[in-house]
Each structure stands twice: as structure tokens, then as C-alpha cells.
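Structure first, then comments.
Keep in mind that what you see is a predicted model, and the values were worked out from it rather than measured. Within every chain, numbering begins at 1; the chains are lettered A, B, ... in the order of the sequence lines, protein sequences first and strands thereafter. Side chains are part of it too, since the values below use all heavy atoms of this structure and drop only hydrogens, waters and symmetry mates.
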2 protein chains.
Amino acid sequence: MKQEINENTENKILEAANTVFEKKGYDGTKMQEIADKAGINKALLHYYFRSKDKLFEMIFSMAFNKLVGELKFLFDEDIPMIEKVKIFIDRHTDFIAKNRYLPLFIVNEINRRPEIFVKLLSGIYEKDDRLHRLLGQIEKETKAGILKPFDPRQVFLNMIALNIFPFAAKPLVAGLLKMSNEDFSRFIAERKKIVTEIIINSIAAK
Amino acid sequence: MKQEINENTENKILEAANTVFEKKGYDGTKMQEIADKAGINKALLHYYFRSKDKLFEMIFSMAFNKLVGELKFLFDEDIPMIEKVKIFIDRHTDFIAKNRYLPLFIVNEINRRPEIFVKLLSGIYEKDDRLHRLLGQIEKETKAGILKPFDPRQVFLNMIALNIFPFAAKPLVAGLLKMSNEDFSRFIAERKKIVTEIIINSIAAK
DNA sequence: GAAAAGTTTAACCAAAAAGTTAAACCGAAT
DNA sequence: ATTCGGTTTAACTTTTTGGTTAAACTTTTC
């Protein structure tokens, strides 16, 4: 079918664009490189996506939703906080490991052109009640003596900082700490436990 | 004096270049913008620094040493670990707050062109004994029952991750958590205590 | 006051990269 | 068989940007 071919090519382009944009950022990316990686030519690339800006906007919003989508688990599931945090850290670390360049990409582009961020942000908070439900859960478990009082924002930030930073800064970290790739893998494996312990420790009542 | 003028202009250029490179990265930076910000013209800019690469290399190595220099405190001072960590987090957070773009700049450029990193790295480890002294201190305090056993690399990474991430990702974090600038400032002020507590908690014997 | 170093002006070159165009080609659907 | 969308080719335009040059002007130095 025509459409199949169409979608295949479109997907090939999107995948290629995603790879290149994520690794090199908007400024470092050349349309020619995307075309090459997608196995097509520049003319066709422009035939599908009029301009670099249009293509970038699409890639960026997809990447953003992917990154933020991983957070949904924290809000949706209806399990005890401690358990939820354990599972989240496990999942989130794996996700980041598989998408090493994603967080840095998002952070960079938002820093450089904050305006690209505004529209996407409004899309997230349609269902504001989910946030309230989460806060409600925390309050309830605190009153029940399971959790101690804490600022959920700080804990949230601690989790993602501890998870993301080592991967985002991998060459720097591995360089400074003189780690080989195998060292780094072991180091990361060990980290999951440590990070989980730290976070649980900062929210669980003694 | 000739030299004074010379150094003034050179410094103006270096400052301007630093500002622009840090915020926009190598690819996003235009020589013209640096010249403008330094209040001179492109011809003079090239008169002082032959090429964009040369100028960048200088800026990058200065920035790198600045960032890494802040870590020296951990190795040099001869005070109990717990105390040392408290002071370090305090200082380091202030430093990062004043140099919001610095860590991201370093991490990005190392990710994109790892080779620029290799030469700088070798310069750091001339005095390898400092590292051993630090490890010795930790071992001693552990045996004395002041500290519990821990991986110093993990703790080190935790500290800098928790300190750097909120600033590097400020627009993203502030956006997601719906914080105004004032909110963010309060949030950061509160953080110092929290981060210190977390780190101390992860190394102090109970 | 002359030589030297610093600086500006303005025009220029060369390369890279985004984006366009037109013609031809191919495969599938009607 | 023909039409139509997807695709290639290749040449082309335009814009941006790094980098150069030469001439003139200014300031410093001796």
C-alpha cells in the first residue's frame, strides 16, 4: 500500500532525526546527515518535513513526552509510596540507561530556546487531579505513621537527579573516576540499590 | 602601558567568549556575537585569537579547571569528613548557583567531542597521593567508628548530582513544578540542608 | 617626532548548509 | 495504459559564517 511506504519513510526519517538531534543538538545537526542516516536524499527529506525547524519541533515534542511519560507511573498506580518509589527508581534508571542522550537533549534545548517548552507544558496539566491524588496519598501515609513529613518536590528532584546525572555526564564521570566501561556498568548496577536506599530513607518514618 | 591595554582587550574577549560559549555551546556560538559582546570587531577578534577553535580550546580548558578546581577542597583540607562534607556542599552549591551554565557546558562539549577532554584529564592526576590521603582519612574514620563503610565514588557522585542538576535543569524543573523565580530560590535554599542531611546520613555511623 | 602596536573600517573570499526546482523515474491502483 | 504519489538526481540559489586583507587611523613608546 502507498500509505505503508509513506509511513515507513516517515518513520525512518523520524528515527534518524531523533538520533542525530538527540546526540548533537539543534545547532550541531545537519539536514544532510539526517537524510544520510535515513537512507534517503535531502530533497525527499524536505518533501516530508518542510524545514529543519518543523522537523525539530516534532522530534522535540516527541522526546519531551517520552521523558515526561516515564513519570506518569508515579501518579497513576495505586500502591504504597515506599513500594512505588522502589519500582519507579528501578524502571526509571533502566529507561535513562537506554536513552542516555534524552535528558541532556531536553534540558539543553529548553535552556537555549525556552519558548519551545511553553506549549508542551500546558499539555501536561490537563489532569491536575492526579497530582492531588498523589499528594493525598502521601498525606494519608504520613498520618498513618508510614512516612515522615517531607517536601515531595525535593524528593522527586532527588530521584531524577541521582538517576539522570551519571548517564548524562558519563564521559566526564568515568574520566574523573578513571572507570572503564565495565567499571561503569558495575558502578551503575550498584547505584540502583544505593539510590533507592537514600530515597526510602528520606521519606520512611523510622 | 601596552600590556595593560593588551590584557584588557584580551580579557574582554575571554569574558565575552566565555559567556557566549557557556550558554550556547560551540556549535551555537558565532564569532560575531563574541566580538559584539566584547565591544570590538571581528578583525580584532581574529587578531588576538586566530580561530574559533583556538579560542574555544582556551575557554574550555579554563572552564574545566574552574569546575574541577572546586573539588580540590575535598582533598586538601585536613578536617573530619563529616565537617568537610558539610562545608563542601555549602560552597559547591553556591558556586554552581553562580555558574549555572558551567557544568552543562562541560558535560555537553565532552559528550560531543571527547578528545578535547583527554589532555585536560591527565593534568589533574599529577598529585595522585592526595587521593590516597583522602581514602586513608576515610578508612581511619571508618575504623574509628565515626563513618560507616561506603563507596566514596558513589557518595561523591551523589553530592555533585544533587547539587548540579537543579541548576542545570532549572527551566525544566521550575516549569514542571510550576515554580516562580522566588519559589525556586526558596526551594534551593531549603535544598542545601536536605542534601547535606542525605549525604551525611549515607556516610555517618549510626 | 617617528616607529611600533593596537584598532577600526569595509570589503572581500570560501565553505558550509538550508532550502528550491525541474526533470525523470518507478511502482501501484484504477 | 495511464495516472499519481513517492522518489531520485543534480544542479542551483541563498544565507550564514569563519576567516582574510589592506588601508587608514589612534595610541603608546622611545
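Direction of the helix axis in the helix from C:dG1-D:dC30 to C:dT30-D:dA1 shifts by 0° between the two five-pair termini, rounded to 10°.
Residues A:N18 and A:K37 bring no donor and acceptor atom of their side chains to less than 3.5 Å of each other.
Applying the salt bridge (Lys or Arg N to Asp or Glu O under 4.0 Å) test to every pair with at least one member in residues 73-84 of chain A, sequence neighbours left out, gives these pairs: A:D76-A:R130. Applying the ring pair (Phe, Tyr, Trp, His ring centres under 6.0 Å) test to every pair with at least one member in residues 15-40 of chain A, sequence neighbours left out, gives these pairs: A:F21-A:F56, A:Y26-A:F56. Among residue pairs with one or both ends in residues 66-93 of chain A, those qualifying as ring pair (Phe, Tyr, Trp, His ring centres under 6.0 Å) are A:F88-A:H92; sequence neighbours excluded. Under the ring pair (Phe, Tyr, Trp, His ring centres under 6.0 Å) criterion, no residue pair touches residues 182-203 of chain A, with sequence neighbours excluded.
Atoms CZ (A:F49) and C1' (D:dG6) sit 14 Å apart, rounded to a whole Å. If you take CG of B:L45 and P of C:dT9, they are 15 Å apart, rounded to a whole angstrom. Atom-to-atom, CG of A:D36 to C1' of D:dT8 comes out at 14 Å; the value is rounded to the nearest Å. Rounded to an integer number of Å, the gap from A:E33 CD to C:dA16 C1' is 14 Å.
Regarding contacts with the backbone of D:dT7, a side-chain N or O of A:T9 is found under 4.0 angstrom from either OP1 or OP2. In this structure, B:N41 does not reach the C:dT9 phosphate: none of its side-chain N or O atoms is under 4.0 Å from OP1 or OP2. Between C:dT7 and B:Y47, no contact under 4.0 Å exists linking OP1 or OP2 to a side-chain N or O.
Every side-chain contact (heavy atoms from CB on, under 4.5 Å) that B:K23 has, sequence neighbours left out, goes to B:Y101. In terms of the salt bridge (Lys or Arg N to Asp or Glu O under 4.0 Å) criterion, residue partners of B:R113 (sequence neighbours excluded) are, by chain and number, B:E109. The side chain to side chain donor-acceptor pair (under 3.5 Å) check on A:K24 picks up A:E33, with sequence neighbours excluded.
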With sugar-phosphate taken as primed atoms, P, OP1 and OP2 and all else as base, the protein-contact string of nucleotides 14-20 of chain D at under 4.0 Å (heavy atoms; B, S, -) is ---SBBB

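When distances run from any side-chain atom of A:L44 to the nucleotides D:dT8, C:dT9, D:dG5, the shortest one goes to D:dT8.
Between B:E57 and B:K52 there is no salt bridge, since no side-chain nitrogen of the basic residue lies less than 4.0 Å from a carboxylate oxygen of the acidic one.
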